Amino acid sequence: MIAVYVTEALLYLCFSLLIGTLLIHLVPPHLKPPLKLSKRVLQVSILGIVLLSAAPVVRVILFLYEDIGLLLTIRNVIGEFAVGKAWTLTIIVSLFFYLFVSVIPVLERKAFIAAALAFTAVLLVALGWASHSASLTDWSGLVFHTLHFAAVTVWVGLLLVVSWFSTSQQNWLPFLKWYTPVALSCLAVVIVSGLFIMTLAVELTEYQETWMMPYGQALLLKHLMVLPVLLFALINGVWIRRKLQRGSNINPLPWAKAESVILLLIFIATGFWGSRSRPIPLRPIYGAVAPRKSSIISIPEVSIRP
């Protein structure tokens, strides 16, 4: 189970580094700190996405193989289940993406960066296709999960790249001037899409009841961890900005790195939440007979939608 949390967190990290590296190279030099980045970051991120996105496929195979055998299970999951088809698409797109990044000086021209972002968008859709949210609806789950994941990776990716790959704090104020509204916009998308995704599994009126189960506890932990992120956002976006405007010699990079570490912890909490059993309402089954505290139960969740 620990492997599930780690792979989810690292998958978020790979997408964040990929998107952050591409987007920051679209920003003029005078609006960002000097960075030391190479396309090696892109190559490692792409390989990581291929390997780490296989985790749900492996999980489904391990869940089913005892009944019909390993080889038949692998063939069925890859060829017939949404999670397997999505991973196949991920492999194909990533292969061409990796070759494109390796052969083309992708970070040197905006047209190449735009093409790389198009590859990334397809990978994001493939990830959304394999999600539990997509299995619960015709299309809205896929759309909202993709928007949710994209907003998180844009927000976090830019922060990760700037905080860990900057060679100095030069141009930090110009960077904050445009990054702050981008981060706030991403946060708004994350909140709206997150609420929609949550309501696919939990009614808002039953949110507190889910705290009795591992799924609800992980969800609550994920929500509570947003508070320190907002605190660091205020520190980096307001307090440090005012310090710099007044000519202070404060170094903003350690604070930005601290915020990125908190966001990585949220990734881990997200992986824990995603691996928990989904609550199932009992009221439609038992009606008024079901007691209030037993109105929801948990069942193991493995997304095996064909």
Side-chain angles (χ1 to χ4, degrees), residues 6-27 32 35-60 74 77-79 81-131 133-134 142-162 164-165 182 186 189 260 263-264 267 270-271 274 303:
V6 173
T7 54
E8 287 280 350
L10 292 178
L11 184 61
Y12 269 84
L13 181 61
C14 288
F15 267 105
S16 297
L17 288 173
L18 178 62
I19 292 176
T21 300
L22 293 173
L23 291 180
I24 201 66
H25 279 84
L26 293 175
V27 179
K32 62 185 178 184
L35 301 167
K36 187 177 181 180
L37 276 167
S38 69
K39 64 180 182 181
R40 181 69 63 185
V41 175
L42 301 179
Q43 293 171 321
V44 172
S45 297
I46 295 169
L47 292 176
I49 288 170
V50 173
L51 295 175
L52 296 167
S53 61
V57 179
V58 174
R59 190 179 179 202
V60 174
I74 293 174
V77 170
I78 297 296
F81 288 32
V83 66
K85 294 177 182 177
W87 189 57
T88 302
L89 176 61
T90 297
I91 293 175
I92 295 172
V93 173
S94 296
L95 174 62
F96 286 102
F97 193 6
Y98 188 89
L99 292 175
F100 176 78
V101 168
S102 300
V103 175
I104 303 296
V106 66
L107 299 178
E108 296 181 8
R109 294 182 57 181
K110 291 185 178 180
F112 295 153
I113 295 175
L117 287 172
F119 277 112
T120 305
V122 178
L123 292 178
L124 287 170
V125 172
L127 188 72
W129 184 17
S131 69
S133 304
L142 166 62
V143 171
F144 278 91
H145 185 277
T146 303
L147 287 175
H148 187 81
F149 195 85
V152 169
T153 50
V154 169
W155 173 21
V156 178
L158 288 168
L159 181 65
L160 278 172
V161 168
V162 170
W164 290 96
F165 294 94
V182 169
C186 290
V189 174
S260 67
L263 290 168
L264 181 60
F267 289 170
T270 299
S303 183

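Counting begins at 1 with the first residue of the sequence. The shown structure was predicted, so the numbers you read here are calculated from the model rather than taken from an experiment.
Here Phe165 pairs with nothing under the ring-ring contact (aromatic ring centres under 6.0 Å, His included) rule; sequence neighbours left out. Legend: residues meeting side chain to side chain donor-acceptor pair (under 3.5 Å) with His25, ordered by chain and number and at least two apart, are absent. The side chain to side chain donor-acceptor pair (under 3.5 Å) check on Ser102 picks up Gln43, with sequence neighbours excluded.
Closest approach of Pro105 to Phe112, counting heavy atoms only: O-CD1, 3.5 Å. Here the closest non-hydrogen pair linking Gly84 and Val57 is CA-CG2, 4.3 Å.
A 4.5 Å side-chain heavy-atom check between Cys14 and Leu52 finds at least one atom pair inside the cut-off. Using a 4.5 Å heavy-atom threshold, the side chains of Leu127 and Thr146 count as separate. Within the 4.5 Å cutoff, side-chain heavy atoms of Leu124 are placed close to those of Ile19. By the 4.5 Å heavy-atom criterion applied to side chains, Val152 and Val189 are not counted as neighbours. No side-chain heavy atom of Leu89 sits under 4.5 Å from any side-chain heavy atom of Val125. Using a 4.5 Å cut-off on side-chain heavy atoms (C-beta onward), Trp87 and Val83 make no contact.
Between the CG atom of Leu26 and the CG atom of Leu117 there is a distance of 6.0 Å, given to the nearest 0.5 Å.
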Practice item. Evaluate side chain to side chain contact (heavy atoms under 4.5 Å, CB included) for Leu123 paired with Ile46, printing each intermediate quantity in order. Key: CA-CA 10 Å; Leu123 292 178; Ile46 295 169; 5.5 Å; no
Practice item. Run the numbers on Phe149 and Phe15 for ring-ring contact (aromatic ring centres under 6.0 Å, His included), then give the verdict. Key: CA-CA 9 Å; Phe149 195 85; Phe15 267 105; 5.1 Å; yes
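A donor-acceptor contact shorter than 3.5 Å links the side chain of Lys32 to the backbone of Ile24. A donor-acceptor pair under 3.5 Å links the side-chain atoms of Ser53 to the main chain of Val50, judged by distance alone.
Around CH2 of Trp155, the count of heavy atoms belonging to other residues, nucleotides or ligands within 6.0 Å exceeds 12.
Residues Phe96 and Phe119 keep their aromatic ring centres 6.0 Å or farther apart.
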